[in-house]
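Within every chain, numbering begins at 1; the chains are lettered A, B, ... in the order of the sequence lines, protein sequences first and strands thereafter.
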Amino acid sequence: MPFVLSPSRKIFGLVDCNNFFASCERVINPSLAGKPVVVLSNNDGCAVARSNEAKALGIKMGQPFFQWRHLLKEKGVIALSANFALYGDLSRRVMETLGRFSPDQEVYSIDEAFLGLETLGIKAFVEYGRDIRRTVLKDTGLPVSVGIASTKTLSKLANHTAKTHPEYQGVCSLLEEQNSQRVMQELPVSEVWGIGGQKARVLTARGIRTILDLRNADDRWIRKNMSVVTLRTVFELRGISCIGLEDIPAPRQTIGISRTFPRDIHSLEEIESIVCGFTSHAAQKMRAQGQITGFLQVFAGTSPFKPDYYANSGSVRFDPRTDYTPGLTSAVRQILGEIYQPGRGYKRAGVVLGDFSTRTETPLELFVDTQARERQEKLMAVVDQLNTKVAKGAVFFAGEYNR
DNA sequence: TCTGGGGTCCTAGGACCC
DNA sequence: TCTGGGGTCCTAGGACCC
């Protein structure tokens, strides 16, 4: 294999659905077009998606419902409970359509995908982006924006520009250096992919305010005072691609389920049954991936918005690893017994499974009773089959919370 | 009264060993 | 008035993303 000194230039297209959840609601209810639409989180707690009209009224991402509820009457805001099954379904259709535009596709989140565009012999990238927009809108009814650039970080920036500047008509390429400089000097560092509030504060204090400042920052200072991740971001802003396209999805390293409750929960028994229900679902997801777990963590806490906030967690390891739900839930009960404090009103709890390995690569037989193990596997297979093919939550173990 | 859920990755610091 | 030094492993917590 020849040594490649300077690999050929990469070209990334980032396709991102506009106001995804709100747009999905418009697909199934076209009368919502042009109206301020907000999609709410679990328990209708806060805003998780807003149409442009709702954004214009000042409703913020994550803002609690009670703070802007008055806008329903005053401005005709339409607030909808989230319908995640619908969003998942439409997401799959968008991704299928995008897959036709490049064989190299990374589904990055429910509403966005990176496409590798350097191998397709495309002459006019902006035209290609417009074709993507038209086709996704025709196939799914969803509006998307397209950003094109030589690194992932720059393609995020291009996408942001396409979304916020109507004159781009939803497609922006930063493949030309002049475009790139102009966009970067107009935006604060906090708009960069990978720079959150904390890092933005540190950078701004150092006088690095715009994205262009960050692009031109001193490498040694960044490495010393920030992290390797931030240095990689700086390189990406310079057009040096450091983050590749991951077109084969990696298996999950952790599977967690947690909820904020609609009311405070006081009794240990009630928390136990809820978290055991979460554990059962998490274990089912894990088994669907063909994995077994060596680590389980449980956490529970009161509302962080009230005085005397209390939160605690505990964990156990499994050696050998397991995927047997009753074994997992008995660990959950043990941990909850240790971290639970009577007299508190719990508002949130959850479970995380991790340290997985693939079922087939683990020599369980060395340590456990093989026959018992086979019986457990058969039981779990039957439970999972009933829950996926017959009805969700059709079968559950005693003590599990089941809706 | 009412404030989401599911992830990844990095780093600092302690325990332990030689 | 002084208390080694360095490597590795593990974990908790923080920062970030959508």
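- For the residue pair A:Asn19 / A:Ser51, no side-chain donor-acceptor distance below 3.5 Å is found, with atom types taken as modelled.
- Counting non-hydrogen atoms under 4.0 angstrom, A:Lys156 reaches the backbone sugars and phosphates but no base.
- Side-chain contact of A:Ser145 with A:Asn18: a donor-acceptor pair under 3.5 Å is present, judged by distance alone.
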Counting Watson-Crick and G-U wobble pairs with both distances under 3.5 Å, what is the dot-bracket string for DNA chain B, 5' to 3', using [ ] for crossing pairs and | for pairs to another strand? ....||||||||||||||

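- When the options A:Arg359, A:Lys285, A:Arg287 are evaluated for a salt bridge (Lys or Arg N to Asp or Glu O under 4.0 Å) with A:Asp323, the one that passes is A:Arg359.
- For A:Trp193 and A:Tyr108, the ring centers sit closer than 6.0 Å to each other.
- Atom-to-atom, NZ of A:Lys306 to C1' of B:dC2 comes out at 9 Å; the value is rounded to the nearest Å.
- Judged purely by distance below 3.5 Å, without hydrogens or angles, the side chains of A:Tyr346 and A:Gln341 never pair a donor atom with an acceptor atom.
- At a threshold of 4.0 Å, the pair A:Arg263-A:Glu270 counts as salt-bridged, since one of the basic side-chain nitrogens sits closer than that to a carboxylate oxygen.
- Separating the CD atom of A:Glu236 from the P atom of C:dC17 is a distance of 14 Å, rounded to the nearest angstrom.
- The residue A:Asp44 sits apart from the nucleic acid: no heavy atom pair falls under 4.0 Å.
- Using a 4.0 Å heavy-atom cutoff across all strands shown, A:Tyr108 reaches sugar-phosphate atoms only and no base atom.
- Remark: the separation of the P atoms in B:dT3 and C:dC18 is 25 Å, to the nearest Å.
- Between A:Gln181 and A:Gln185, the side chains place no donor N or O within less than 3.5 Å of an acceptor N or O (distance only, hydrogens not considered).
- Side-chain atoms of A:Ser315 and A:Gln297 form no donor-acceptor pair, as typed in the model, at a separation below 3.5 Å.
- A salt bridge links A:Lys306 to A:Asp264: one of the charged nitrogens lies within less than 4.0 Å of a carboxylate oxygen.
- If you check every strand for non-hydrogen atoms under 4.0 Å, A:Arg263 touches nothing.
- Near-neighbour residues of DNA chain C inside residues 191-211 of chain A, defined by a heavy atom below 4.0 Å, number-ordered: A:Val192, A:Trp193, A:Gly194, A:Ile195, A:Gly196, A:Gly197, A:Gln198, A:Lys199.
- Under the 6.0 Å cut-off for aromatic ring centres, A:Phe101 and A:Tyr128 qualify, their centroids lying closer than that.
- If you run side-chain contact (heavy atoms from CB on, under 4.5 Å) between A:Val298 and each of A:Val332, A:Asn312, A:Thr279, only A:Val332 comes through.
- In this structure, A:Gln63 reaches neither bases nor backbone, as no heavy-atom distance under 4.0 Å exists between it and the strands shown.
- In this structure, A:Glu106 places its CD atom 12 Å from P of C:dC18, rounding to the nearest Å.
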Take nucleotides 3-13 of chain B nucleotide by nucleotide from the 5' end and write B, S or -, depending on whether a protein heavy atom sits under 4.0 Å from the base, only from the sugar-phosphate, or from neither. BSSSSSSSS--

